[in-house]
Amino acid sequence: MSMESALSDSSAAAVQEEDSSQLVPIKAILSRSDKGVGLCGQNVRIGGWVRKGRVAGKGAFAFLEVNDGSCPSNLQVIVLATLYKLRDVVATGTSIHAEGRLKLPAEGSAQSIELEVENLIDVGTVCNAAKYPLPKAKLPLEFLRDFVHLRPRTSIISSIARIRNALAHATHTFFQTHGFLYVQTPIITTIDCEGAGEMFQVTTLLSDAERLEKELKETPPPSEADLKVAELAVKEKGEAVSLLKSAKAGKDEVIAAVAELTKAKESFSKLDERYKLGERFRLGGGIPKKDGKVDYAQDFFSRQAFLTVSGQLQVESYACALGRVYTFGPTFRAENSHTSRHLAEFWMVEPEIAFADIQDDMKYAEAYVRFLCQWLLDHCYDDMEVMSDQTAIQRLEMVANSKFHRVTYTEAIAILEEAAKVKKFENKVEWGIDLASEHETYLTEEKFKAPVIVYNYPKEIKAFYMKVNEDNKTVAAMDVLVPKVGELIGGSQREENYEMLKHRMLEMGLPLEQYQWYLDLRAYGTVKHSGFGMGFERMILFATGLDNIRDVIPFPRYPGRADL
């Protein structure tokens with residue numbers, strides 16, 4: 001039986017003939033129903049990294065626990081001393097590319113199958129095992145944040161990476177299956193979707209100023225006296241040309257004089273330009289100013305630009321032409337927060353649905369969250385078992401099989417006010433507040449013991465683009481609350497009435513000229529539409545049960561840290 005046919009009943013794909021490397025994923029061996037026992041006697045080639053290693057048999061061979069990233073389980077690999085210097089393969093972190101035969105381990109072993117190496121194709125040694133920063137011991141997640149380039153080699157971070165990958169795959173699968181088009185919205189924008197003003201600015205003015213400073217140090221600008229000398233030279237050359245013309249001098253003589261004048265003018269122009277650069281630097285540090293303010297017309301985009309906090313407004317333009325769309329990409333928030341729930345760079349999933357009201361919005365949000373939970377249960381159960389939160393799988397099962405409770409904001413406040421008679425909340429409960437984390441926790445974990453969708457919030461605490469309800473007090477906004485993390489999704493029906501949207505913008509002091517294109521969507525064929533946004537890292541926090549959002553993104557950015 002070939003290796004390909006032997007692995008055909010595995011959930012992992014078998015080795016493809018066109019794959020020149022012919023590497024067999026460890027998952028394809030160990031994730032079989034028989035944990036690889038049925039592959040005994042098969043020759044395979046694997047590549048991975050040593051998690052643990054030890055020399056045995058009085059130096060005759062070494063046992064290695066090798067992981068290749070395909071699953072959380074390690075494959076036990078045996079290397080004979082006749083093949084390689086054993087102390088160079090047992091160090092944690094060593095990479096090995098090897099061929100060998102799968103065989104049953106000795107009786108009483110914890111492994112179901114092991115690989116006896118017959119040919120070591122390549123070994124990537126650890127140059128100084130004593131200094132390798134990730135020893136065999138279990139390490140705190142806080143410690144691992146200082147080694148973001150190496151932490152994927154640990155069991156928990158590699159499992160998180162596979163869970164994150166699975167959720168991304170599930171996201172695209174869900175929306176593509178439901179007829180949504182994937183639209184890539186801009187990372188660089190000129191508008192603030194949320195109106196909070198906590199945006200990273202994109203500019204070349206600072207680097208231009210630094211370059212100017214360096215240039216002026218190397219080649220100092222001309223003085224005012226130098227400029228006057230050059231100006232006088234232009235005047236004298238001009239007078240010389242005039243005299244020659246009035247004296248009816250020869251053509252060649254006039255042409256030569258005009259050439260001298262042109263040369264003098266060019267010299268003066270260059271000196272004048274450098275003189276002005278020097279003055280600009282002296283007065284404003286090289287930053288161009290106009291009327292006492294930074295002149296962004298001189299910037300790269302000829303206007304102020306920022307890193308986006310949301311792709312929602314832009315993707316609405318495609319929803320108003322293509323019906324169902326979604327964007328999935330990085331967003332940025334310059335909020336100087338050090339809490340376990342904040343990142344400066346994070347990912348958002350933002351669908352937008354034309355001809356849909358708030359009820360449709362809630363249906364899609366619920367279906368999406370349940371789909372993600374079931375996907376993890378179906379595809380990442382082994383990685384979920386790695387998580388230290390033993391209730392994580394139970395939460396996924398509960399959400400995947402629950403019908404989400406729906407309550408209006410007014411009803412939620414009434415529930416919380418009743419609870420406040422016997423339970424102490426740190427944040428006061430009254431109509432008009434934005435629900436705090438403790439309120440969301442009470443609703444999901446104590447009152448309903450299930451996910452909750454709260455909708456119809458007071459308009460004063462919500463964004464300008466949300467549909468104003470008939471009571472003129474609330475907007476058609478909704479939040480999906482889940483146990484562990486609280487708010488997972490925020491969404492709304494968008495305001496499709498031109499005059500009402502314009503009124504809301506003016507109420508919030510937004511510059512209409514920057515949002516005119518957004519108003520145009522209402523002026524030219526307005527349509528009822530709705531959408532929502534889900535912080536991707538929040539979903540991973542909910543799924544894994546981890547406490548800090550910095551541990552569920554590959555390269556966390558937060559105040560004071562932007563490693564790699």
Side-chain angles (χ1 to χ4, degrees), residues 167-168 170-183 185 193-195 308-320 322-331 333 346-373 399 404-409 412 434-435 440 444 451-457 459 461-469 474-482 485-496 518 521 527-542:
L167 287 171
T171 291
H172 288 295
T173 300
F174 177 83
F175 289 113
Q176 294 291 329
T177 301
H178 286 81
F180 285 70
L181 294 178
Y182 178 34
V183 177
T185 50
C193 176
E194 299 301 325
T308 186
V309 299
S310 169
Q312 177 209 310
L313 301 189
Q314 289 90 344
V315 86
E316 278 187 55
S317 66
Y318 273 74
C320 293
L322 302 176
R324 297 178 185 177
V325 296
Y326 70 105
T327 185
F328 181 14
T331 53
R333 190 71 59 86
F346 52 98
W347 285 63
M348 289 288 291
V349 178
E350 298 174 293
E352 206 69 29
I353 317 147
F355 306 101
D357 60 17
I358 186 66
Q359 296 296 327
D360 299 313
D361 204 31
M362 289 189 283
K363 288 176 185 176
Y364 273 107
E366 177 178 345
Y368 172 51
V369 173
R370 292 175 62 183
F371 183 86
L372 293 182
C373 293
V399 173
F404 292 16
H405 293 271
R406 297 185 189 184
V407 296
T408 65
Y409 170 87
D434 203 357
L435 297 182
E440 296 168 347
T444 56
V452 180
I453 304 179
V454 179
Y455 64 102
N456 287 350
Y457 279 81
K459 68 176 183 179
I461 62 173
K462 289 296 181 180
F464 71 93
Y465 51 76
M466 297 183 176
K467 175 73 175 175
V468 177
N469 290 324
T474 62
V475 289
M478 65 90 180
D479 289 336
V480 177
L481 313 179
V482 295
V485 299
E487 181 190 338
L488 179 63
I489 282 177
S492 73
Q493 182 175 333
R494 316 311 189 189
E495 182 58 74
E496 82 274 9
Y518 191 65
L521 299 179
V527 61
K528 181 189 296 183
H529 61 290
S530 300
F532 60 82
M534 184 190 79
F536 193 57
E537 284 73 30
R538 283 212 165 198
M539 179 62 206
I540 304 171
L541 275 183
F542 164 73

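Shown here are the salt bridge (Lys or Arg N to Asp or Glu O under 4.0 Å) partners of Lys459, two or more places apart in sequence or in another chain: there are none. For the side chain to side chain donor-acceptor pair (under 3.5 Å) test, residues two or more places apart in sequence or in another chain that qualify with Tyr518 are Glu316, Arg522. By the salt bridge (Lys or Arg N to Asp or Glu O under 4.0 Å) test, Glu495 pairs with Lys467, sequence neighbours left out. Residues meeting the salt bridge (Lys or Arg N to Asp or Glu O under 4.0 Å) test with Arg370, sequence neighbours left out: Glu366. Glu440 meets the salt bridge (Lys or Arg N to Asp or Glu O under 4.0 Å) test with no other residue; sequence neighbours excluded.
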query = Are Phe404 and Met362 close enough, and set up right, to give a side chain to side chain contact (heavy atoms under 4.5 Å, CB included), and what steps lead you there?
reply = CA-CA 10 Å; Phe404 292 16; Met362 289 189 283; over 6 Å; no
inquiry  = Pair Tyr409, Asp479 - check side chain to side chain contact (heavy atoms under 4.5 Å, CB included), show working.
reply    = CA-CA 10 Å; Tyr409 170 87; Asp479 289 336; over 6 Å; no
request  = Run the numbers on Thr474 and Tyr457 for side chain to side chain contact (heavy atoms under 4.5 Å, CB included), then give the verdict.
outcome  = CA-CA 5 Å; Thr474 62; Tyr457 279 81; over 6 Å; no
request  = I would like to know whether Leu488 and Leu481 meet side chain to side chain contact (heavy atoms under 4.5 Å, CB included); could you show each step before the answer?
outcome  = CA-CA 6 Å; Leu488 179 63; Leu481 313 179; over 6 Å; no
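Between Tyr326 and Phe175, the ring planes are parallel. Angles under 30° get that label, and only those over 60° would be called perpendicular. The aromatic rings of Tyr364 and Phe180 stand perpendicular to each other, their planes meeting at an angle above 60°, with 30° marking the opposite boundary. The aromatic rings of Tyr182 and His172 stand perpendicular to each other, their planes meeting at an angle above 60°, with 30° marking the opposite boundary.
Remark: side-chain polar atoms of Thr408 are not paired, donor with acceptor, to backbone N or O of Asn456 under 3.5 angstrom. Counting only distance, with no hydrogens or angles, the side chain of Arg324 and the backbone of Ala319 share no donor-acceptor pair below 3.5 Å. With hydrogens and angles disregarded, no donor-acceptor distance shorter than 3.5 Å links the side chain of Thr327 to the backbone of Glu350.
Between Val482 and Thr444, every side-chain heavy-atom pair lies at or beyond the 4.5 Å cut-off. Contact annotation: the side chain of Thr185 never approaches that of Thr308 to less than 4.5 Å [non-hydrogen atoms, C-beta and beyond]. Between Ser492 and Met478, the closest side-chain pair of non-hydrogen atoms is not below 4.5 Å.
More than 12 heavy atoms of other residues, nucleotides or ligands lie within 6.0 Å of CZ in Phe371, so this atom counts as buried by the packing criterion.
Here the closest non-hydrogen pair linking Gln493 and Ile358 is OE1-N, 3.2 Å. Nearest heavy-atom pair, Phe536 versus Ala168, reported as atom, atom and distance to 0.1 Å: CZ-N, 3.5 Å. Glu487 and Arg538 get closest at one heavy-atom pair: O-NH1, 2.8 Å.
Counting only residues at least two apart or on different chains, no salt bridge (charged side-chain N to carboxylate O under 4.0 Å, His left out) pair has a member in residues 353-364.
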